[in-house]
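Down below is the structure, laid out as structure tokens.
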Amino acid sequence: MNPLRYELVFSDSTGSAQDVVIVERTQLTGSGGHPVYTDATGIIRAEISDQDEVRVLASGGHQEPAQTVRARPLPDADPADPAAP
């Protein structure tokens, strides 16, 4: 079962610089049959397999494919926690 949220970790070619983006599962599935996740802006879209393999999807023109992206699953929010997102 796929988590509801992931952190996507984008690294530069040296692996030293990193950007982290949180994405949430959508109702969509990608061409590989896995869930599509998106960030709050809708700009970052990725298909993530049940093995945490990431395929970043283009959401507009002039985007360059990310070279190194890792997916880290985030725990699902506790429905009993009123502060949960």
Side-chain angles (χ1 to χ4, degrees):
M1 182 171 179
N2 294 82
L4 296 175
R5 300 179 311 138
Y6 277 93
E7 282 183 332
L8 294 184
V9 181
F10 295 84
S11 301
D12 67 6
S13 60
T14 66
S16 61
Q18 296 182 343
D19 287 317
V20 177
V21 177
I22 295 176
V23 293
E24 294 187 2
R25 189 169 59 204
T26 68
Q27 301 276 333
L28 304 172
T29 56
S31 60
H34 304 289
V36 171
Y37 292 76
T38 187
D39 72 332
T41 68
I43 295 171
I44 305 293
R45 297 177 57 222
E47 179 180 6
I48 304 175
S49 77
D50 54 357
Q51 301 295 314
D52 298 337
E53 299 165 318
V54 181
R55 186 169 64 89
V56 176
L57 306 172
S59 62
H62 306 290
Q63 289 181 320
E64 293 183 26
Q67 297 300 318
T68 307
V69 183
R70 290 180 299 136
R72 296 190 295 218
L74 294 173
D76 294 340
D78 180 358
D81 181 1

*How would you list, by chain and number, every residue that makes a side chain to side chain donor-acceptor pair (under 3.5 Å) with Ser49, sequence neighbours excluded?*
Glu53

*Taking the side chain as every heavy atom from C-beta outward, state whether Ile22 and Asp39 have any pair of such atoms under 4.5 Å apart.*
no

*asked:* Among residues at least two apart in sequence or on other chains, which ones pass side chain to side chain donor-acceptor pair (under 3.5 Å) with Ser59?
replied: Gln63

*Using the rule that two of Ile, Leu, Val, Met, Phe, Trp, Tyr join whenever any of their side-chain heavy atoms come within less than 4.5 Å, decide whether Ile48 and Val56 are in one cluster.*
yes

*Under the side chain to side chain contact (heavy atoms under 4.5 Å, CB included) criterion, do Val69 and Val9 qualify, and how do the steps go?*
CA-CA 5 Å; Val69 183; Val9 181; over 6 Å; no

*Out of curiosity, Leu4 CG to Glu24 CD, how far, rounded to the nearest 0.5 Å?*
8.0 Å

Under 3.5 Å, which donor-acceptor pairs do the side chains of residues 28-38 form with other protein atoms, sequence neighbours left out?
| residue | atom | partner | partner atom | Å |
| --- | --- | --- | --- | --- |
| Ser31 | OG | Arg55 | NH2 | 2.8 |
| Tyr37 | OH | Pro3 | O | 2.6 |
| Thr38 | OG1 | Ile44 | O | 3.1 |

*Please name all residues satisfying side chain to side chain donor-acceptor pair (under 3.5 Å) with Arg72, sequence neighbours left out, ordered by chain then number.*
Glu7

*Could you state the interatomic distance from CG (Leu74) to CZ (Arg5), rounded to the nearest 0.5 Å?*
5.0 Å

*Partner set under side chain to side chain donor-acceptor pair (under 3.5 Å) for Asp19, not counting sequence neighbours*: none

*Measure across Ala71 and Tyr6 and return the closest heavy-atom pair with its distance rounded to 0.1 Å.*
CB-CD2, 3.6 Å

*asked:* Between Phe10 and Val21, is there a side-chain heavy-atom distance shorter than 4.5 Å?
replied: yes

